[in-house]
2 protein chains.
Amino acid sequence: MDDRAQSIIDAKAKVLKALGHPTRLFIVEELARGERCVCELVKLVGADFSTVSKHLTLLKNAGVVQDDKRGQMVYYTLKVPCILRFMDCIEAVIVSGSCK
Amino acid sequence: MDDRAQSIIDAKAKVLKALGHPTRLFIVEELARGERCVCELVKLVGADFSTVSKHLTLLKNAGVVQDDKRGQMVYYTLKVPCILRFMDCIEAVIVSGSCK
DNA sequence: TATATATTTGGTAATATAGCCAAATATATG
DNA sequence: CATATATTTGGCTATATTACCAAATATATA
């Protein structure tokens, strides 16, 4: 495998890895319903502010979410909604063990 | 979040996490082209036999691949091809930074 | 300006992951 | 049966991840 192919694989794996944590996946699915500020996500997730903030930073670095600071709050939105269509596939994996 | 919702999230995150490693993602994309034995994957990946075997075990536990032992060889196949359709989305994330 | 609120950053400890080697297991073949 | 090949498992070390706390930063408001 050449360097270019390898770096594409690496980049894709990075996105998938970002989604591969229960808290981050939860956040992504919550953001699918609309913009949320960090404080809302903290309440929903039930973890420390710093923990949620770090998960959000990681998602942002992976290119999955974007942030928008307005006043003293930071609002996060899902940058790549196509990810959600994939969830049906993942769900199929865990429910029936296969998909089309 | 209730226990049931939590365990669904956990299961989905497990699948995504399994895909979130360059070597495993490479294996999945290779299996998308057809069945491969471990020895072929070892050559393609260029890592130790035991390393590849462990990645395959992890993918199997996540429900992504299945194995079939024939003779002294073990052949792996992709169990959930719908995962591949998702790759276009992931690729969009890393190339253009957004998707529809 | 002082203070409260929202968020991020730094530090740290516990746990998980990845990769290699060596050993074990299974199957085929001489 | 002995040996070679294919694969997995166990053990180990290095590295990465996660979560919390405390401190720093930024912004709003009294």
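Chain naming here is simple, since letters A, B, ... match the order of the sequence lines and numbering starts at 1 in each. None of these values were measured; they are calculated from a predicted model.
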Polar atoms only, N or O, under 3.5 Å: list the protein pairs with nucleotides 9-13 of chain D and their distances.
from   : atom 1 : to      : atom 2 : distance (Å)
D:dG10 : O6     : B:Lys54 : NZ     : 2.9
D:dG11 : O6     : B:Lys54 : NZ     : 2.6

(request) Quick one: closest heavy-atom pair of B:Leu59 and B:Ala18, and the distance? (result) CD2-O, 3.8 Å

(message) To the closest 0.5 Å, what do you measure between CD1 (B:Ile8) and NZ (B:Lys12)?
(response) 7.0 Å

(request) Can you sort out the partners of A:Phe86 under ring-ring contact (aromatic ring centres under 6.0 Å, His included), two or more places apart, ordered by chain and number? (result) B:Phe86

(message) So, using salt bridge (Lys or Arg N to Asp or Glu O under 4.0 Å) as the criterion, who are the partners of A:Asp48 when residues are at least two apart?
(response) none

(message) Could you tell me the boundaries of the chain A footprint on DNA chain C, defined by atoms under 4.0 Å from its heavy atoms?
(response) C:dT5 to C:dG11

(request) Could you say whether B:Ala47 or A:Lys60 is positioned toward the 5' end of DNA chain C, judged by the nucleotide with the nearest heavy atom to each? (result) A:Lys60

(request) Work out which heavy atom in A:Leu16 is nearest to a heavy atom in B:Gly20; give both atom names and the distance. (result) CB-CA, 3.8 Å

(request) Mind checking the CG-CG spacing from A:Leu78 to A:Leu84? Nearest 0.5 Å is all I need. (result) 5.5 Å

(message) Let's see if you get this right: which residues in residues 2-20 of chain A place a heavy atom under 4.0 Å from DNA chain C?
(response) none

(request) Please check if any side-chain donor atom of A:Asp2 sits under 3.5 Å from a side-chain acceptor atom of A:Gln6, or the reverse. (result) no

(request) Using a cut-off of strictly less than 4.0 Å between a heavy atom of the residue and any atom of DNA chain D, enumerate the qualifying residues of residues 33-41 of chain B by number. (result) B:Cys37, B:Val38, B:Cys39

(message) Is it the case that over 12 heavy atoms from other parts of the model lie below 6.0 angstrom from the CZ atom of B:Arg4?
(response) no

(request) Quick one: closest heavy-atom pair of B:Gly71 and B:Lys69, and the distance? (result) O-CE, 3.6 Å

(message) Judged by each residue's nearest nucleotide on DNA chain D, which is more toward the 5′ side, A:His55 or B:Tyr76?
(response) B:Tyr76

(message) Could you report the tightest heavy-atom contact between B:Leu25 and A:Ala13, atom names first, then the distance?
(response) CD2-N, 3.6 Å

(message) With rounding to the nearest 0.5 angstrom, report the CG to CZ distance, A:Leu44 to A:Arg36.
(response) 7.5 Å

(message) Before you tell me yes or no, could you show the steps for A:Glu29 and A:Arg24 under salt bridge (charged side-chain N to carboxylate O under 4.0 Å, His left out), namely the whole-Å CA-CA distance, both residues' side-chain angles and the distance that decides it to 0.1 Å?
(response) CA-CA 9 Å; A:Glu29 295 193 341; A:Arg24 290 194 293 267; over 6 Å; no

(message) Rounded to whole Å, how long is the line connecting atom CD of B:Gln72 with atom P of D:dA4?
(response) 13 Å

(request) Please work out if B:Arg70 contacts a base, only the sugar-phosphate, or nothing of the nucleic acid, heavy-atom cut-off 4.0 Å. (result) nothing

(request) Could you tell me whether B:Tyr75 contacts a base, only the sugar-phosphate backbone, or nothing, with contacts defined as non-hydrogen atoms closer than 4.0 Å? (result) nothing

(message) Counting C-beta onward and ignoring hydrogens, is there a side-chain heavy-atom pair between A:Met87 and A:Ile83 closer than 4.5 Å?
(response) yes

